[in-house]
Number of protein chains: 2
Amino acid sequence: MSDISETNSEENIADIPSKPAKSSRPKRISDSTIHRLSRYLRLLGRLEADGVKTISSKELASIKRLTPAQVRKDLSFFGSFGTRGLGYPVSELKVKISGILGLDHRWRLAIVGVGNIGSALVGHKEFPERGFDIRLVFDNDQRKIGSKHKGLIVSDIKNLKEGLIAEKIDIVALAVPASVAQEITDVIVEAGVRGILTFAPIHLDTPERVFVRREDMTMELEYLTYALSSEDIKSINDIDLS
Amino acid sequence: MSDISETNSEENIADIPSKPAKSSRPKRISDSTIHRLSRYLRLLGRLEADGVKTISSKELASIKRLTPAQVRKDLSFFGSFGTRGLGYPVSELKVKISGILGLDHRWRLAIVGVGNIGSALVGHKEFPERGFDIRLVFDNDQRKIGSKHKGLIVSDIKNLKEGLIAEKIDIVALAVPASVAQEITDVIVEAGVRGILTFAPIHLDTPERVFVRREDMTMELEYLTYALSSEDIKSINDIDLS
DNA sequence: CGTTCTATGTGAAAGAGTTCACATAGCACT
DNA sequence: AGTGCTATGTGAACTCTTTCACATAGAACG
């Protein structure tokens, strides 16, 4: 049973907290720490390009609106990468974080569903730049199958399982309608893929060994509408009626 | 902590109970609670369509892999919507949550940037279905400006500020290169828009009254690569430690 | 109308994540 | 080599979130 899979705020991964703490486990790194590492990494890339050699936790934090302690704590979970009195060596830290995040080699992706979102993913330039190679693209629409889409030929979803296995796909980006997301997920899982990035706004049932992350724009929009609405309510309530 | 601007200006206001103790929104509600409300809402929509009249916290939780207590707690922050011994009335709860999230009226969106992601947003069918109307689309590419994009004419980004004001835009979805994201954000803020959903992987500097949410696919992919990599490492490490 | 049974609503406990605060490592400069 | 200075690394304190556990509201049925 993986402790990483037990994300707290999102239900992504199937998990029933049945087992008591297994012996002495490394230590569970929080969701948010990993996300922050991603963000440090990107910043470090820019700093390196700018020729910055060293950066302190304070500077790192101020750019991202975090506390220096947060930065140091995040990094300290994985080792001591800084020099006391000096700060962190930019290039070296970048390499270290890349390693932690598993970005020391390239990853093989497949996109399933070439609708609005799927197309955007296929053309997304950031992916190859950051180590993700899109190897396969699938759809069930006969008009799309066989056609070239930004340099990649769209495969028939009927061949999904075989394709994923043959191309040794690590991660699938799932951009299909919610109504078929679960059945396609089952095929992906059968093919042995253990990472899924889904855009379907439903819960996907997967075995424990499979990691699922959801990207949900509507949910984020709804967070905004909540925030905007309750602000308004607040200002109304702030007016003293007496 | 997420990027949502801090919303606690309540320290200023002394706790004078001049009004009926019908406190509107006393505590700060967590990020995760709001996200879960979004997800309950979607599930309730499906249940309602299926003719389900009543649902218990246990059922609600099992579908989403949460605990019943979590569901009840989330809802209890906003009131008592259920009936003891019975559960929650589906339609009624749906209306209540919609209200909490500010979804009792439609919201006016603008998309800035019609690249891969921007195009996907413009064509995204879920938005209108969920109360979000895309009113304006902007780009800086002369070849795109003036052309119709899924029924909407692309405006010149030079007219961003005026357009946002004229169309009373509530929320902007920002899908532009990171290099120009901050300057465009400044214009959006000047136009008085207080909600931004950004796809640029950088920190946006905004005044406190503006709410920013980030959608970051690469970050989620990196979470997956982290999880997949450390799984492998873990099986090696599982042997010793402390 | 009373009894039984079920699932809510909620304080309190437990568990996570963040911030504090400070001892200390290492650089710089004499 | 010694002194001063700065920023790391990290237990401990604190704060926020989740889970527990149970009293109790209301439905159902005789």
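In what follows, every chain begins at residue 1, and chains take the letters A, B, ... in the order their sequences are listed.
Residue B:Thr83 has no polar side-chain atom (N or O) positioned under 4.0 Å from OP1 or OP2 of D:dG26. Contact check, A:Tyr88 against D:dG9: a side-chain N or O comes under 4.0 Å of OP1 or OP2. For A:Ser30 and C:dA16, the shortest distance from a side-chain N or O to OP1 or OP2 is not below 4.0 Å.
Screening B:Leu103, B:Thr33, B:Ile29 against A:Tyr226 for a side chain to side chain contact (heavy atoms under 4.5 Å, CB included) leaves a single residue, B:Ile29. When each of A:Arg36, A:Arg130, A:Arg42 is paired with B:Glu222, the salt bridge (charged side-chain N to carboxylate O under 4.0 Å, His left out) condition holds for A:Arg130 and for no other.
Here the C1' atom of nucleotide D:dT8 and the CG atom of A:Leu75 are 10 Å apart, to the nearest Å. Taking atom CZ of B:Arg28 as the reference point, atom P of D:dT15 lies 16 Å away to the nearest angstrom. In this structure, the CZ atom of B:Phe77 is 8 Å from the P atom of D:dT18, given to the nearest Å. With rounding to whole Å, B:Leu60 atom CG is found 15 Å from C:dG9 atom C1'. Computed from coordinates, the A:Lys73 NZ to C:dC22 P distance equals 15 Å when rounded to whole Å. For the pair B:Asp31 CG and C:dG17 C1', the interatomic distance rounds to 13 Å; values are reported in whole Å. Going from atom CZ of A:Arg36 over to atom P of C:dT18 covers 4 Å, rounded to whole Å. For the pair A:Lys58 NZ and C:dC20 C1', the interatomic distance rounds to 16 Å; values are reported in whole Å.
Residue side chain A:Arg72 does not reach the base of D:dT8 through any donor-acceptor N/O pair under 3.5 Å, judged by distance alone. You won't find any donor-acceptor pair under 3.5 Å spanning the side chain of B:Arg84 and the base of C:dT6, going by distance alone.
A donor-acceptor pair is defined here as one N or O able to donate and one able to accept, closer than 3.5 Å; such a pair exists between the side chain of B:Arg194 and the backbone of B:Arg209. Using a distance-only test at 3.5 Å, with no hydrogens or angles considered, no donor-acceptor pair links the side chain of B:Gln70 to the main chain of B:Thr67.
The residue among A:Ser80 and A:Gly85 whose nearest nucleotide of DNA chain D lies closer to the 5′ end is A:Gly85.
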Result block: side-chain N/O donor-acceptor pairs under 3.5 angstrom for residues 87-100 of chain B, not counting sequence neighbours:
unit_1, atom_1, unit_2, atom_2, d
B:Ser91, OG, B:Glu48, OE2, 2.9
B:Lys94, NZ, B:Glu48, OE1, 2.9
B:Ser98, OG, B:Lys94, O, 2.9

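With distances taken from any side-chain atom of A:Ser57 to the nucleotides D:dT18, D:dA21, D:dT8, the minimum falls on D:dT8.
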